[in-house]
Amino acid sequence: MIIHIDSLRSLLDRPDESNSIFVKLTEKNPEAALDIRKQFLAAYANDDLKAQTIEESAEATLKGLRSGISMINLIGYFGMGSSAFAIVTIQMMLVNSKTREIGVMRAIGAKRKDILMVFILQGMIIGAIGAGAGTGIGLAYTFST
Amino acid sequence: MSDTVLELQNVSRIFGEGDTQVKALDNVSLSIRRGEFVLIVGSSGSGKSTLLNMIGLLDKPTSGKVILDGKETTALNDGQVSQYRNEKLGFVFQFANLLPDLTVLENVMLPQQIQGSSEDIRQNATDLLIKVGLEDQINKRSNKISGGQAQRAAIARGLVNRPTIVLADEPTGNLDSVTAGKIVKLAKTMAKELNQTFIIVTHDRHQFPDVDRVITIKDGKAFSGEETTMEITA
């Protein structure tokens, strides 16, 4: 049975309250949902009504949700990029301030990769401390709100 | 074991290209024997530091050969050069260049730690520090000791691996004359006690009055003297 929403409002005595009708199918058949939408729109072709399957309806909500998540991800990526850039800058400053020590280490036999490892390890430690602190602060903030 | 520990054959080092080309070393040939205490002298910009860099395997010649302890070094790769430098060479710089975050003892232990030596590294370093008169400073941070003490520690660090050659670049250049005199005396004592070859680069010949040999470098690229373009004074 297909009924116009205005008729339904009159029947239920809810003149300005109901603004949508949900139609539940007895069997799981997406094609049937499309048929019913077609029949509904054909029956009330002159009315400005909108008919959507549940998937289409959810898509609109999901689109908003995805947009929100994308924004959160963007902020996250920006944060990670900034942190990586900060670590690289700190490491460059450290390397520049340690040129004499690096020269001494090279002179007494340290290989390039030995010295590189020192700075990579240092960067990893700074990164790990930052990630740990960031996770802790993030979790604390999440659970406090 | 060969008596010659270092041989330079027609070594040249050219910096830059075209019109800006500078020939810092020009066809230098020399040899150093085991146990010699050799002075390389020359004015500022004469090429003596370039020569020291060649001997110390810190730079490669544009042409010629550097033979250290019987091995031609110019074809070695970075890892091999580092290992060779660690095993065969000890460095003493104008500024002691101890690592400031480490103690005096840790600084002296460092070359053997890099080498991965199985010897008692701590004991070796301690023995040497006692020999250079720093027994009271062993556990002090290296930035908490005087310039003369730091240079003594640097000599101990240069000797700890029992290298074939100790290279010293202006080792007294940053010290007052009294302390410099003590450092020179210490270097000579260590050279004699350990039959250790020392090559010292300096612009001040008079700080080292009694050495086995003096090699003079002039004008950045040419040595005065005979066909070898070098003047060697016994």
Side-chain angles (χ1 to χ4, degrees), chain A residues 75-144, chain B residues 49 52-53 55-59 68 76-102 106-117 121 125 142-143 150 153-169:
Chain A
I75 293 166
Y77 294 142
F78 182 75
M80 282 194 283
S82 305
S83 305
F85 185 74
I87 291 173
V88 169
T89 308
I90 290 168
Q91 286 304 102
M92 283 171 69
M93 284 169 65
L94 280 170
V95 170
N96 282 335
S97 69
K98 298 281 181 191
T99 47
R100 180 171 284 193
E101 285 84 352
I102 292 169
V104 173
M105 291 293 286
R106 289 283 289 152
I108 62 177
K111 296 182 179 75
R112 279 180 205 278
K113 65 175 182 185
D114 297 334
I115 292 166
L116 187 66
M117 279 307 292
V118 170
F119 286 101
I120 287 175
L121 273 173
Q122 197 174 31
M124 285 170 71
I125 290 167
I126 293 171
I129 291 169
T135 306
I137 292 167
L139 286 173
Y141 178 75
T142 304
F143 288 113
S144 68
Chain B
S49 289
L52 194 77
N53 287 345
I55 298 170
L57 313 182
L58 296 167
D59 193 8
L68 178 59
L76 298 178
N77 65 31
D78 181 65
Q80 291 168 323
V81 165
S82 297
Q83 190 181 347
Y84 219 59
R85 204 185 288 135
N86 176 262
E87 290 171 1
K88 304 289 182 185
L89 297 166
F91 286 86
V92 181
F93 305 97
Q94 178 176 359
F95 301 94
N97 283 344
L98 301 178
L99 300 186
D101 297 330
L102 304 182
E106 286 165 344
N107 267 285
V108 177
M109 286 164 64
L110 209 51
Q112 283 207 303
Q113 285 176 327
I114 289 171
Q115 191 181 46
S117 173
I121 295 172
S142 60
N143 55 0
I155 290 174
R157 183 179 63 186
L159 289 165
V160 75
N161 268 356
R162 290 185 290 278
T164 307
I165 300 171
V166 171
L167 297 170
D169 188 7

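None of the values given here were measured: they were computed from a predicted structure. Quick note on labels: first sequence line is chain A, next is B, and so on, each numbered from 1.
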Donor-acceptor pair, distance only, cut-off 3.5 Å: does the side chain of B/Gln115 make one with the backbone of B/Asn86? no
How far apart are the closest heavy atoms of A/Gly123 and A/Gln91, and which atoms are they? N-NE2, 3.7 Å
Spell out, as yes or no, whether a donor-acceptor pair under 3.5 Å connects the side chain of A/Arg106 to the backbone of B/Leu58. no
When only pairs under 4.5 Å are counted, which of B/Val81, B/Asn161, B/Leu110, B/Leu89 shares the most heavy-atom pairs with chain A? B/Leu110
Which residue out of B/Leu98, B/Asp78, B/Leu167 racks up the most heavy-atom pairs below 4.5 Å with chain A? B/Asp78
Measure distances from A/Arg112 to the heavy atoms of chain B and classify the residue's part below 4.5 Å as side chain, backbone, both or neither. both
Could you look at A/Lys98 and say if it's the side chain, the backbone, both or neither that has a heavy atom under 4.5 Å from chain B? side chain
Turns out that what part of B/Phe93 lies under 4.5 Å from chain A's heavy atoms comes down to side chain
Heavy atoms of B/Arg85 and A/Ala107 approach each other most closely as CD-O, 3.2 Å
Contact class of B/Asp101 relative to chain A, heavy atoms under 4.5 angstrom: side chain
Which atoms form the tightest heavy-atom contact between A/Ala110 and B/Ser82, and what is the distance? O-OG, 3.7 Å
